[in-house]
Amino acid sequence: MRRVLLLGLVLGASASAQTHGHAGHGGAMTMEAMNAQMLAELRPLKGRAFDVRFSQLMMDHHRMAVDMARAALKSGRDARVRAAAREVIAAQEQELAQLGAWVKAWTGQTYRPAALPLNVPRSGVDRWFLTEMIPHHQGAVQMARLVPARTQNAALRKLSQAIIRTQSAEINQYRAWLGTMK
């Protein structure tokens with residue numbers, strides 16, 4: 001069953017999102033639709049404009065993953081999923097700090113990633129987390145694959161390679177775990 005996430009703050013109502021061209025896209029949106037919108041926004045950009053917007057969008061994306069992981073820690077029961085959620089939080093909070101520092105250095109402004117309301121089920125949180133994190137990570141991998149052709153920034157290239165490597169491995173792990181869940 002496909003779950004729909006509420007992404008009003010990334011693609012709708014937040015002041016941060018409104019200042020970055022997402023006003024008027026509120027309401028429910030699938031993870032795939034959110035990913036497609038982010039990719040469409042990044043594809044025409046190059047150089048510093050790409051670096052800044054990629055970093056901002058990846059910050060929004062990572063904030064959502066951290067929020068999803070926190071929900072899994074709060075209500076999940078599977079030890080593997082809980083461990084994975086802790087790993088997501090640790091890795092993506094570190095990347096959030098790095099991306100935020102870059103945006104501040106490049107623009108002189110602090111970018112605050114949107115806090116996202118999630119449609120977390122009352123039961124089956126472990127399955128929900130894995131099922132939603134797969135397309136979520138796929139979106140981050142797709143965004144990271146745009147980096148080499150659009151920037152000369154070595155640090156951003158290195159980060160994008162790490163995102164591709166780690167999140168692709170997590171996608172495979174999550175799929176394997178879903179195959180063993182009831």
Over all atoms of both residues, closest heavy-atom pair of Val52 and Val103: O-CG2, 4.2 Å
His62 NE2 to Asp67 CG distance, which is reported to the nearest 0.5 Å: 13.0 Å
Flag side-chain contact, heavy atom, 4.5 Å: Arg112 against Thr110: yes
Over all atoms of both residues, closest heavy-atom pair of Ala65 and Gln92: CB-OE1, 3.0 Å
Rounded distance (nearest 0.5 Å) linking atom CZ of Arg48 with atom CG of Leu156: 9.5 Å
Closest heavy-atom pair and its distance - Gln167, Ala140: OE1-CB, 3.1 Å
Criterion side-chain contact (heavy atoms from CB on, under 4.5 Å) on Gln138 and Met143, from CA distance to verdict: CA-CA 9 Å; Gln138 287 169 332; Met143 288 170 62; over 6 Å; no
side-chain contact (heavy atoms from CB on, under 4.5 Å) between Trp128 and Val125, worked out: CA-CA 5 Å; Trp128 167 83; Val125 172; 4.2 Å; yes
Non-hydrogen side-chain atoms of Met31 and His137 separated by less than 4.5 Å: no
Beyond-backbone contact of Asp51 with Trp102, side-chain heavy atoms, under 4.5 angstrom: no
Pairwise distance CE(Met58) to CG(Leu42) - rounded to 0.5 angstrom: 8.0 Å
Side-chain donor or acceptor of Arg150 paired with backbone N/O of Arg43 under 3.5 Å: yes
Over all atoms of both residues, closest heavy-atom pair of Ser55 and Leu99: OG-CD2, 3.6 Å
side-chain contact (heavy atoms from CB on, under 4.5 Å) between Met133 and His136, intermediate numbers included: CA-CA 5 Å; Met133 283 303 290; His136 188 271; 4.2 Å; yes
Validation row: Trp177, Asn172 side chains within 4.5 angstrom (heavy atoms): no
Student check: side-chain heavy atoms of Phe129 and Val120 closer than 4.5 Å: no
Donor-acceptor pair between Arg53 and Gln56 side chains, under 3.5 angstrom: yes
Heavy-atom side-chain proximity of Met38 to Asp60 below 4.5 angstrom: yes
Donor-acceptor contact present, side-chain Asp78 to main-chain Asp126, <3.5 Å: no
Interatomic distance, Tyr111 atom OH to Lys104 atom NZ [nearest 0.5 angstrom]: 15.0 Å
Test item: side-chain donor near acceptor, Ser160 and Arg165, under 3.5 Å: no
Heavy-atom pair of closest approach, residues Pro113 and Arg63: CB-CB, 3.8 Å
Under 3.5 Å: donor-acceptor pair, side chain of Asn35, backbone of Pro135: yes
Nearest-0.5 Å distance that lies between atom CG in Leu178 and atom OG1 in Thr131: 4.5 Å
Electrostatic pair Glu95:Lys158 at N-O distance under 4.0 angstrom: no
Test item: Met181 and Val81 side chains (from C-beta on) under 4.5 Å apart, heavy atoms: yes
Derivation and outcome, salt bridge (charged side-chain N to carboxylate O under 4.0 Å, His left out), residues Arg80 and Glu170: CA-CA 12 Å; Arg80 301 169 301 180; Glu170 288 173 356; over 6 Å; no
Worked verdict on Arg82 versus Arg86 for side-chain contact (heavy atoms from CB on, under 4.5 Å): CA-CA 6 Å; Arg82 293 176 57 78; Arg86 283 190 290 276; 4.0 Å; yes
Neighbour count >12 (heavy atoms, 6.0 Å) for atom CD, Gln173: yes
Which atom of Leu73 lies closest to which atom of Ala85, heavy atoms considered: CG-CB, 3.9 Å
Inter-residue atom distance Ile89.CD1 - Leu96.CG, 0.5 Å rounding: 11.5 Å
Backbone of Pro148 reached by a side-chain donor or acceptor of Arg157 within 3.5 Å: yes
